[in-house]
Amino acid sequence: MKEDIQEVVYKSLQAIDPKIDPKDYPIEVDVPKRKEFGDFATNIAFLLARDLGRNPRDIADMIIQNIPREEKKLFKKVEIAGAGFINFYIKEHAIINKLIDIEKHGESYGNCDIGDGEKVLLEFVSANPTGYLHMGHARNACVGDSVCKILSAVGYDVTREFYINDAGRQMDLLGLSVYRRYEQFFGIDNDIGEDGYHGEYIKEIASRIREENGQELLAEGNKQNDSIEYCKEYAKNILLDEIRKDLNDIGVTFDKWYSEKDELYKILKENGQENLIERIKNELSEKGALDKREGAIWFKASEFGDSQDWVIVKKDGSYTYFISDIAYHYDKVKRGYKRLINVWGADHHSHISRLQAALRALGPDDYLLEVLLIQFVRLLSKGREISMSKRSGTYVTMRDVLKDVGRDVTRFFLIMRSSDSHLDFDLDSAKDQSSENPVYYVQYAHARIGSIFEKAKEKNLFPSNNSLNFLDLPDEIDIAKKLLQFPEVINESAQALAPHKIAFYLQELASGFHIYYNKHRIIVEDPRLSSARLFLIGCIKTVIAKGLGLLGVSAPDRM
RNA sequence: GGGCGAUUAGCUCAGUGGAUAGAGCACUGGCCUCCGAAGCCAGAGGUCGCGGGUUCGAAUCCCGCAUCGCCCGCCA
């Protein structure tokens, strides 16, 4: 509906002066906060006034005068307000009739194609397989998944990817920790070390290894290294399975699990011995972006927009995590993705600029990488914070929370705050099946409508758009307007990568329905009015289901 | 010392330069003979952290300051 207004204003501007370029004057149309200011308003007259050196009100008047006759039919009135706003008041029946779009498109209502099929790679979660997922990962997973759904809805071709960090020191520590626990089962007194993993699950994994292998793995020297390597692979596979299972339980799936070890260290056939990391190193070297200093090799990030240089090959000849990261992201580009979006915890923010610097150095395209930073989650119970540290063996996992409060509530809670705000996840209010819980509020509206449909069916009443002119209550017009804003809400949340906007919208829409329901009966004497009202609430049901779907939350017919 | 984020009602938070700043919770008082009370209605609650600036207009943009969280490793 908003586009219709933009079109009207544009036509009027064309009538005034065909030379006006819409690129110079983007026509902003929004819904005023206050009802008295109409259904839509534009500030275009202010923008033109500045450049034309004329009074905004005069320009607004001119625009109104030049709206083509045909287009004027849409409006009850169009007027100048304040210092030069133009307020549009749409005819009620035009709004109500627009609802037919919702029925026509059903589940796909609100979708569009502004993404134009562009290939987007969304990398999210990417938790190290060294432990169970905690609520920070869960927030990343839910936000990432929802962003994927939203971007798909606006026409992008989205691939979802999980990067498995299975090479490097953390994995070595994991293998060693498991092996030490294994040794302890045979009375060997050892020390896991401060850097090691201390969780109970490490013992459980070691125990399984003992059950399968007895004491065969006890060894010294090189043979012991083989045993540690075995423990590492064994633990990795178990933990990856657990991560996959947890993600599955919360409704998050991936198109590709990209293994650092398998993909980046794979020998490239066409080039003899070289692997992807070496190739990237060579490419960076050819571009003059590397420097040998203090026995190490540095990427000169400071020459490509970052604040300092970074080591990519250590003094001992081994790679840093950073060069794997560069290779991985360059590989994303090579795989044909035009847009790379990463969902990262806020503690990784310093990696953004250096990675962007590396991509810039490799060229040719600039600024390919967008990062959606997610601030921390604090888990609260009875007003107290619960520890989520991975090193202490006692952290509360995502699995624990999921079991406790369920998928829908977990997802909604993790999504309903802006990503750049810290999030307090209050277990007590999450568990509360009451009005304090916004997810039930929205789901309840959906279920209530389902229930009304059942009741109507008994009386042989069904939704119909044959008598929409019966919908003339102000409450009905308000709801219709709200429903018609939905495509714009999806758009905005896609643009800002901000699923929480949908969560807020749904609460407002549900509120509109509950108010309407309490004030007016849906099923009334006149079957034509009943059918029209059923049609209206059917539209609400469709939009709620669609919106909850974008958040990965179910829309039950009963609860 | 540098960087990122935050600071809005008692609490948790929306608010992408627009008109009189919003919601939920909590609090007070009402509403089921009636399609689901997990609901609705009414009330009260504000120096948008502080100080400058930009302009027709600033919670929103810019500069400075304060406070809180996170980061600044040849770990990942």
Side-chain angles (χ1 to χ4, degrees), chain A residues 28 30 32-34 36-37 41-43 46 49-50 55-56 81-85 87 128 130 165 167-173 195 260 293-298 307-308 310-322 324-325 345-353 373-376 378 380 416-424 426 429 432-445 447-456 458-459 461 492 495-496 498 500-501 503-505 507-508 510-511 513-524 530 533-534 537 558-559:
Chain A
E28 281 177 37
D30 57 15
K33 278 185 207 143
R34 304 177 61 81
E36 306 91 273
F37 299 136
T42 181
N43 62 353
F46 290 104
R50 194 169 307 172
N55 184 328
F85 292 101
N87 294 343
N128 287 356
T130 54
N165 231 264
R169 189 173 136 77
Q170 293 307 318
M171 291 306 293
D172 292 340
L173 281 171
D195 289 342
E260 175 184 12
R293 291 203 300 265
E294 301 151 35
I297 299 177
W298 299 67
S307 55
Q308 57 174 304
W310 300 90
V311 168
I312 57 167
V313 182
K314 296 181 240 176
K315 231 184 311 198
D316 66 7
S318 60
Y319 296 130
T320 61
Y321 167 78
F322 181 36
S324 313
D325 232 13
D347 52 334
H348 285 66
H349 82 261
S350 63
H351 297 192
I352 300 172
S353 54
L373 280 185
I374 311 262
Q375 295 292 330
F376 281 2
R378 224 162 43 128
L380 301 175
M416 72 181 175
R417 299 288 178 236
S418 160
S419 299
D420 48 32
S421 278
H422 286 228
L423 174 78
D424 283 344
D426 188 333
S429 55
D432 191 2
Q433 299 198 359
S434 77
S435 51
E436 198 175 336
N437 206 325
V439 62
Y440 292 125
Y441 184 81
V442 176
Q443 288 181 319
Y444 182 57
R448 229 179 190 182
I449 293 169
S451 158
I452 296 168
F453 277 165
E454 299 250 319
K455 204 80 178 178
E458 288 168 19
K459 302 191 175 186
L461 287 170
E492 280 174 16
Q495 207 178 324
H500 75 278
K501 287 173 187 285
F504 274 89
Y505 169 82
Q507 290 178 76
E508 288 162 13
S511 166
F513 166 72
H514 287 309
I515 291 168
Y516 178 60
Y517 172 88
N518 272 277
K519 225 154 126 187
H520 311 284
R521 294 190 61 80
I522 310 299
I523 298 168
V524 290
S530 299
R533 288 185 173 172
L534 286 168
I537 66 170
R558 256 166 236 222
M559 48 194 291

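Letters A, B, ... mirror the listed sequences (proteins, then strands); counts begin at 1. It should be emphasised that the depicted structure is a prediction, and the values quoted were computed from it without experimental measurement.
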Participant: Quick one: what's the B/S/- string for nucleotides 70-76 of chain B, heavy-atom cutoff under 4.0 Å, read 5' to 3'?
Facilitator: SBS-BBB

Participant: Counting side-chain heavy atoms from CB outward, which of B:rA19, B:rG15, B:rU12 is closest to A:Arg34?
Facilitator: B:rA19

Participant: Can you tell which of B:rC40, B:rC13, B:rC35 lies closest to the side chain of A:Lys455?
Facilitator: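 So the nucleotide nearest the side chain must be B:rC35.
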
Participant: With rounding to the closest Å, how many angstrom separate the C1' atoms on B:rU7 and B:rC11?
Facilitator: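 It comes out at 15 Å once rounded to the nearest Å.
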
Participant: Choosing from B:rC40, B:rA37, B:rU16, which nucleotide comes nearest the side chain of A:Arg448?
Facilitator: B:rA37

Participant: If you only use heavy atoms from C-beta on, which nucleotide in B:rG39, B:rU20, B:rC35 is closest to the side chain of A:Arg521?
Facilitator: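 Of all the options, the side chain of A:Arg521 is nearest to B:rC35.
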
Participant: Just compare B:rG15, B:rG36, B:rC56 and give me whichever is closest to any side-chain atom of A:Arg558.
Facilitator: B:rG36

Participant: Looking only at atom C1', what distance separates B:rU47 and B:rU8, rounded to whole Å?
Facilitator: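 These two C1' atoms come out 12 Å apart once rounded.
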
Participant: Tell me the partner of B:rU55, counting only Watson-Crick (N1-N3 plus N6-O4 or O6-N4) or G-U wobble (N1-O2 and O6-N3) with both under 3.5 Å; none if nothing fits.
Facilitator: none

Participant: Applying a 4.0 Å non-hydrogen cut-off, can you work out what A:Asn55 is touching in the nucleic acid: base, sugar-phosphate, or nothing?
Facilitator: nothing

Participant: Looking at A:Phe322, is its backbone amide N or carbonyl O close enough to the side chain of A:Trp310 to form a donor-acceptor pair, meaning the two atoms are under 3.5 Å apart?
Facilitator: no

Participant: Kindly point out which of B:rC35, B:rC40, B:rA19 is positioned nearest to the side chain of A:Asn518?
Facilitator: B:rC40

Participant: Indicate, with a heavy-atom threshold strictly under 4.0 Å, whether A:Ala445 touches base, sugar-phosphate, or nothing.
Facilitator: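 Contact class for A:Ala445: none.
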
Participant: Looking across every strand, which nucleic acid part, if any, lies under 4.0 Å from A:Met559 by heavy atom: base, sugar-phosphate, or nothing?
Facilitator: base

Participant: Should A:Phe504 be counted as stacked on B:rA14, where stacking needs a ring-centre gap under 5.5 Å and an angle between planes under 30 degrees?
Facilitator: no

Participant: With RNA chain B as reference, determine whether A:Ser419 or A:Pro32 sits nearer its 5' end, using the nearest nucleotide of each.
Facilitator: A:Ser419

Participant: In whole angstrom, give the distance that lies between atom NZ of A:Lys33 and atom C1' of B:rA14.
Facilitator: 11 Å

Participant: Does any part of the side chain of A:Asn165, heavy atoms only, come nearer than 4.5 Å to the side chain of A:Met171, both counted from C-beta?
Facilitator: no

Participant: Ignoring backbone atoms, establish whether A:Ser421 has a side-chain N or O less than 4.0 Å from OP1 or OP2 of B:rU12.
Facilitator: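 Checking A:Ser421 against B:rU12: no side-chain N or O falls below 4.0 Å of OP1 or OP2.
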
Participant: Under 4.5 Å between any side-chain heavy atoms of A:Lys459 and A:Ile523, yes or no?
Facilitator: yes

Participant: Angle class for the A:Tyr444/A:His514 ring planes (parallel below 30°, perpendicular above 60°, tilted otherwise)?
Facilitator: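 The rings of A:Tyr444 and A:His514 lie parallel, inter-plane angle below 30°.
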
Participant: Searching all strands shown, indicate the nucleotide that pairs with B:rC74 (Watson-Crick or G-U wobble; both distances under 3.5 Å).
Facilitator: none

Participant: Pick base, sugar-phosphate or nothing for A:Ala447, based on heavy-atom distances below 4.0 Å to the nucleic acid.
Facilitator: base

Participant: Using atom CD1 of A:Ile452 as one end and atom P of B:rG39 as the other, report the distance to the nearest whole Å.
Facilitator: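 For the pair A:Ile452 CD1 and B:rG39 P, the rounded distance is 15 Å.
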
Participant: Assess whether atom CZ of A:Arg558 is packed by more than 12 heavy atoms of other residues, nucleotides or ligands within 6.0 Å.
Facilitator: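 Not buried by this count: 12 neighbours or fewer within 6.0 Å.
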
Participant: Over how many whole Å does the gap from A:Tyr517 atom OH to B:rA38 atom P extend?
Facilitator: 10 Å

Participant: Is A:Arg417 close to A:Gln375 at the side-chain level, that is, under 4.5 Å between some pair of heavy atoms?
Facilitator: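 A:Gln375 does not reach A:Arg417 side chain to side chain.
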
Participant: Can you tell if the side chain of A:Tyr517 reaches within under 4.5 Å of the side chain of A:Ile449, non-hydrogen atoms only?
Facilitator: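 SC-SC contact between A:Tyr517 and A:Ile449 ruled out.
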
Participant: If we take the C1' atom in both B:rG10 and B:rU16, what is their distance in whole Å?
Facilitator: 29 Å

Participant: Expressed as a whole number of Å, how far does the P atom of B:rU67 sit from that of B:rU28?
Facilitator: 38 Å

Participant: How should the glycosidic conformation of B:rC13 be described, syn or anti, under the criterion that syn lies within 90° of 0?
Facilitator: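 In terms of base orientation relative to the sugar, B:rC13 is anti.
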
Participant: Checking all strands, does A:Ser318 fall into the base, sugar-phosphate, or nothing category for heavy-atom contacts under 4.0 angstrom?
Facilitator: nothing

Participant: For B:rG46, give its Watson-Crick or G-U wobble partner with both distances under 3.5 Å, or none.
Facilitator: none

Participant: What does A:Lys519 touch in the nucleic acid at a heavy-atom separation under 4.0 angstrom: a base, only the sugar-phosphate, or nothing?
Facilitator: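 Counting heavy atoms under 4.0 Å across all strands, no contact is made by A:Lys519.
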
Participant: Between A:Asp426 (CG) and B:rC13 (P), how many Å, whole number?
Facilitator: 11 Å

Participant: What does A:Ala49 touch in the nucleic acid at a heavy-atom separation under 4.0 angstrom: a base, only the sugar-phosphate, or nothing?
Facilitator: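 Nothing, no heavy atom under 4.0 Å.
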
Participant: Give me the distance, rounded to whole Å, that separates B:rG69 from B:rA9 when you measure between the C1' atoms they each carry.
Facilitator: 23 Å

Participant: Taking any heavy-atom pair under 4.0 Å as a contact, classify A:Gln507: base, sugar-phosphate, or nothing.
Facilitator: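 Answer is nothing: A:Gln507 stays at 4.0 Å or more from every strand.
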
Participant: Using purine N1 to pyrimidine N3 plus N6-O4 or O6-N4 for Watson-Crick, or N1-O2 and O6-N3 for G-U wobble, both under 3.5 Å, which nucleotide pairs with B:rC68?
Facilitator: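 Looking at the geometry, B:rC68 pairs with B:rG5.
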
Participant: Does the side chain of A:Lys455 come within less than 4.5 Å of A:Ile522's, by heavy atoms?
Facilitator: no

Participant: How close or far is atom C1' of B:rC13 from atom CG of A:Asp420, stated in whole angstroms?
Facilitator: 12 Å

Participant: Do A:Asp420 and A:Leu373 have side chains that get closer than 4.5 Å, going by heavy atoms?
Facilitator: no

Participant: In whole Å, measure the gap between the C1' atoms of B:rA44 and B:rG22 for me.
Facilitator: 16 Å

Participant: Take atom CG of A:Asn43 and atom C1' of B:rA58, then tell me their distance rounded to the nearest Å.
Facilitator: 15 Å

Participant: Expressed as a whole number of angstroms, how long is the span from A:Tyr516:OH to B:rC35:C1'?
Facilitator: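 That distance rounds to 12 Å.
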
Participant: Taking atom C1' in both B:rC63 and B:rG43, compute the distance separating them and give it to the nearest angstrom.
Facilitator: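 That atom pair is separated by 43 Å.
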
Participant: With both distances kept under 3.5 Å, what pairs with B:rU20, Watson-Crick or G-U wobble?
Facilitator: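 Checking every strand shown, B:rU20 finds no partner, since no pair has both distances under 3.5 Å.
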
Participant: How are the rings of A:His500 and A:Phe504 set relative to one another: parallel (under 30°), tilted (30 to 60°) or perpendicular (over 60°)?
Facilitator: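 Perpendicular.
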
Participant: With a 3.5 Å limit on both atom pairs, tell me what B:rA38 is paired to, counting Watson-Crick and G-U wobble, or say none.
Facilitator: none

Participant: Show your working on side-chain hydrogen bond (donor to acceptor under 3.5 Å, both in side chains) between A:Glu260 and A:Ser324 and close with a plain yes or no.
Facilitator: CA-CA 8 Å; A:Glu260 175 184 12; A:Ser324 313; 3.1 Å; yes

Participant: In whole Å, measure the gap between the P atoms of B:rC48 and B:rC40 for me.
Facilitator: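 Looking at atom P only, B:rC48 and B:rC40 are 30 Å apart.
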
Participant: Using whole Å, what does the distance between atom P of nucleotide B:rA21 and atom CG of A:Asp30 come to?
Facilitator: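 Result: 17 Å.
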
Participant: Is there a Watson-Crick or G-U wobble partner for B:rA14 with both distances under 3.5 Å, and which nucleotide is it?
Facilitator: none

Participant: Ring-on-base stacking between A:Phe37 and B:rA19, under 5.5 Å between centres and under 30° between planes: is it there?
Facilitator: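 Stack criterion met.
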
Participant: At 4.0 Å (heavy atoms only), tell me whether A:Ile522 reaches a base, stays on the sugar-phosphate, or touches nothing.
Facilitator: base

